[in-house]
Number of protein chains: 2
Amino acid sequence: MKAMLHAATTGAPDIRARGHCLDCAIRQHAVCSDCSAPELDFLTNIKTYKSYKAGDRLLEMGERAAFMGTVVEGVASMSRILSDGRRQVVGLLFPGDLVGRPFSPVSPFDYVAVTDLRVCAFNRPQFETTLRETPALEQRLLEMTLDELDSAREWMVLLGRKSAQEKLCSFMIMAAQRALRLERRRPMDGILIELPLTREDMADFLGLTIETVSRQIGALKKSGVIELIDARHLLIPSWEALEEAAGGELAAV
Amino acid sequence: MKAMLHAATTGAPDIRARGHCLDCAIRQHAVCSDCSAPELDFLTNIKTYKSYKAGDRLLEMGERAAFMGTVVEGVASMSRILSDGRRQVVGLLFPGDLVGRPFSPVSPFDYVAVTDLRVCAFNRPQFETTLRETPALEQRLLEMTLDELDSAREWMVLLGRKSAQEKLCSFMIMAAQRALRLERRRPMDGILIELPLTREDMADFLGLTIETVSRQIGALKKSGVIELIDARHLLIPSWEALEEAAGGELAAV
DNA sequence: CGAACCTTTGATGCTACTCAAGTATTGTGG
DNA sequence: CCACAATACTTGAGTAGCATCAAAGGTTCG
């Protein structure tokens, strides 16, 4: 386990995949969701799995990335660090989301595992060739990219105009929705939310400091919008109250 | 002006296009840039032009948009307004940029002309069919969408982590780069920048108030980073000094 | 059991917001 | 072409919200 801590720089060990793409639990959410059986056969043969521990860096900004991939299990972040150390997380990658920038070998952001992570990886040139030759892949990638663009813009609204409290509530809603989608469930009262990020990652995602994140969570607990199980788990007595406290307007995920 | 305020709902007058796409000045920047001559013939026949005055709304959030288009001349904004009136601009559209959300008839944001505007428009179902049947179009759309996603994420860094002063400088750099790209020129010292936005639109794009925008521009003038010609035009004595004041890290446009 | 990390809490300060007023600039009708 | 209104922009005073600095619990892991 210790040996994997530097997987980011050394490159995580490739584990030749055994399972077939047809049996993949997250295929319906991934770029390969619309592929035919023969196309999945092909992908099965060229895919490998990579594993990372929380904190490992998958790709560094400016690095020529040798692979592209899909998150299978866990959560990763995309972020940028300014020269003086300020950091902004610009996106979270949940199972099904794509790791790496298609058609551009140098990554425009850092990719970091925020939890232990498993990624279904493809050799980059091979993946791009396959993309160009497989309309089902390319069209699905376009669809996913358009959705991500909508999400990024929604997050711009949050970063530019929402209060610290509204940011926290919006984040909780987003985290819940992403988790629920994987289980094909809908938000409801009394639901349990797992926060997959540290206070620091949350702060960097919301454009706040860890102290403000901590204080706002405290305030939400006191006002009854959330119930804290522990630092990473909370209960939502009323989904509607949470949405209200989020300042509304969170459509795309 | 007053009479055009409702162009959005009534629909701006369609002007059957006379010019051929081959002669289009902004084709190289647009979604049709990789199309073959026959493909351009086809597009020529199905395109129309729409004109708007500054302030007109092209599309309203939630509206079922009947058309998609490309900005030919002028600048448009995409924005969202929260229920209490707070507004965030999530993107600017310069000549070549696409108006409307492909494959989703309801617009996720408001589209507003920030200057007088000319748009090359297509009937939406027809455009989407053409997209699916024309790989050159679809692949170019994917490329553009991936670039826009990078830009949106860069802007998230600005909104989340940059100071008011850095935001203003970053905006000036962005405005300059977008204008220069159309003329195939590069940034240089002594360059003239036109700000296509009102102070209010700038504020809403940068997550600030108009007072702060005005004060920061004043401060930049006093410190010599910019020279004001008038409220909408300024001179950059040193491009490098401007980048320095922007806090660095502005790659994609 | 102790070190490292994560989280919370407190005191203080500063950036950017709010409220308010005044100065250009633009557009309109006489 | 001028007078006036409307809009855009600037400037000032006071303040709120979040950041910063500091330190003290908790939790996890070796």
Side-chain angles (χ1 to χ4, degrees), chain A residues 1-5 53-55 82 84-88 114-116 158-169 171 194-222 226 228-234 245 247, chain B residues 1-5 53-56 82 84-88 114-116 158-171 194-222 226 228-234 245 247:
Chain A
M1 231 41 154
K2 179 74 185 176
M4 309 202 89
L5 269 177
K53 300 297 290 181
L82 301 184
D84 60 359
R86 284 175 289 179
R87 176 168 177 264
Q88 178 67 44
V114 299
T115 66
D116 289 354
L158 174 146
L159 290 172
R161 291 304 185 199
K162 289 197 174 178
S163 69
Q165 176 118 175
E166 290 169 331
K167 285 178 176 181
L168 259 299
C169 292
F171 172 71
E194 176 178 359
L195 303 175
L197 274 62
T198 64
R199 297 288 186 263
E200 181 169 13
D201 283 332
M202 278 189 249
D204 287 344
F205 194 26
L206 299 172
L208 299 170
T209 59
I210 56 173
E211 293 94 332
T212 298
V213 168
S214 185
R215 274 187 253 270
Q216 293 301 336
I217 290 179
L220 287 168
K221 177 182 160 189
K222 198 157 68 177
I226 64 174
L228 270 187
I229 313 289
D230 60 45
R232 297 290 196 100
H233 297 85
L234 41 86
Chain B
M1 185 97 164
K2 185 73 185 179
M4 308 209 80
L5 270 177
K53 302 296 290 180
D56 287 353
L82 301 185
D84 59 359
R86 284 174 289 179
R87 177 168 177 264
Q88 178 67 43
V114 299
T115 67
D116 289 354
L158 175 145
L159 290 171
R161 290 305 185 197
K162 289 196 174 180
S163 69
Q165 176 121 175
E166 291 170 331
K167 285 177 176 181
L168 259 299
C169 292
S170 300
F171 172 69
E194 177 178 0
L195 303 175
L197 274 62
T198 64
R199 297 287 186 266
E200 182 169 12
D201 283 333
M202 279 189 249
D204 288 343
F205 194 26
L206 299 171
L208 300 170
T209 60
I210 55 174
E211 295 95 330
T212 298
V213 168
S214 185
R215 274 187 254 271
Q216 293 301 336
I217 290 180
L220 287 168
K221 178 182 160 189
K222 197 156 71 177
I226 64 174
L228 270 187
I229 313 288
D230 61 42
R232 297 292 196 100
H233 297 85
L234 42 86

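Basis for what follows: all heavy atoms, side chains included, without hydrogens, waters or symmetry-related copies. In the text below, chain A, chain B and the rest are named by the order of the sequence lines, each starting its count at 1.
- One distance of note links CD1 of B:Ile217 with CG of B:Leu234; it measures 7.0 Å at 0.5 Å rounding.
- Distances shown here put every side-chain N or O of A:Ser214 at or beyond 4.0 Å from the OP1 or OP2 atom of C:dT7.
- The shortest distance between the side-chain N/O atoms of A:Thr209 and the OP1/OP2 oxygens of D:dC18 is not below 4.0 Å.
- B:Thr198 comes within 4.0 angstrom of the backbone, heavy atoms only, and of no base.
- Within 4.0 Å of B:Arg232, counting heavy atoms only, lie sugar-phosphate atoms of the nucleic acid but no base atom.
- In terms of position along DNA chain D, the nucleotide closest to B:Leu197 lies nearer the 5' end than the nucleotide closest to the other residue of the pair B:Leu197 and B:Arg215.
- Residue contacts for B:Ile217: at a heavy-atom cut-off of 4.0 Å it reaches no nucleic acid atom on any strand shown.
- Just one of A:Lys167, A:Arg199, A:Arg87 meets the salt bridge (charged side-chain N to carboxylate O under 4.0 Å, His left out) condition when paired with A:Asp204; it is A:Arg87.
- One can place NZ of B:Lys167 at 9 Å from C1' of C:dA16, the figure rounded to the nearest angstrom.
- We find that CG of B:Leu228 is positioned 15 Å from C1' of C:dT25, with the value rounded to whole Å.
- Computed from coordinates, the A:Ile210 CD1 to C:dT9 P distance equals 13 Å when rounded to whole Å.
- Contact check, A:Thr212 against D:dC18: no side-chain N or O comes under 4.0 Å of OP1 or OP2.
- Note: CG (A:Leu195) to C1' (C:dC6) measures 14 Å, nearest angstrom.
- Using a 4.0 Å heavy-atom criterion, one finds that A:Gly55 contacts no nucleic acid atom at all.
- The distance from atom CD of B:Glu211 to atom P of C:dC19 is 10 Å, rounded to the nearest whole Å.
- Atom CE of A:Met202 sits about 4.5 Å away from atom CG of A:Leu195, to the nearest 0.5 Å.
- To the nearest 0.5 angstrom, A:Asp230 atom CG is 9.0 Å from A:Glu194 atom CD.
- As a whole-Å value, the separation of B:Ile229 CD1 from C:dT25 P is 14 Å.
- Rounding to the nearest 0.5 angstrom, the gap separating the OG atom in B:Ser170 from the CG atom in B:Leu159 is 10.0 Å.
- Along DNA chain C, the nucleotide nearest to B:Val213 and the one nearest to B:Asp230 differ in position, and the one closer to the 5' end is contacted by B:Val213.
- For the pair B:Asp204 CG and D:dA8 P, the computed distance is 13 Å after rounding to whole Å.
- Atom C1' of nucleotide C:dT7 and atom CZ of A:Arg199 are separated by 7 Å, given to the nearest angstrom.
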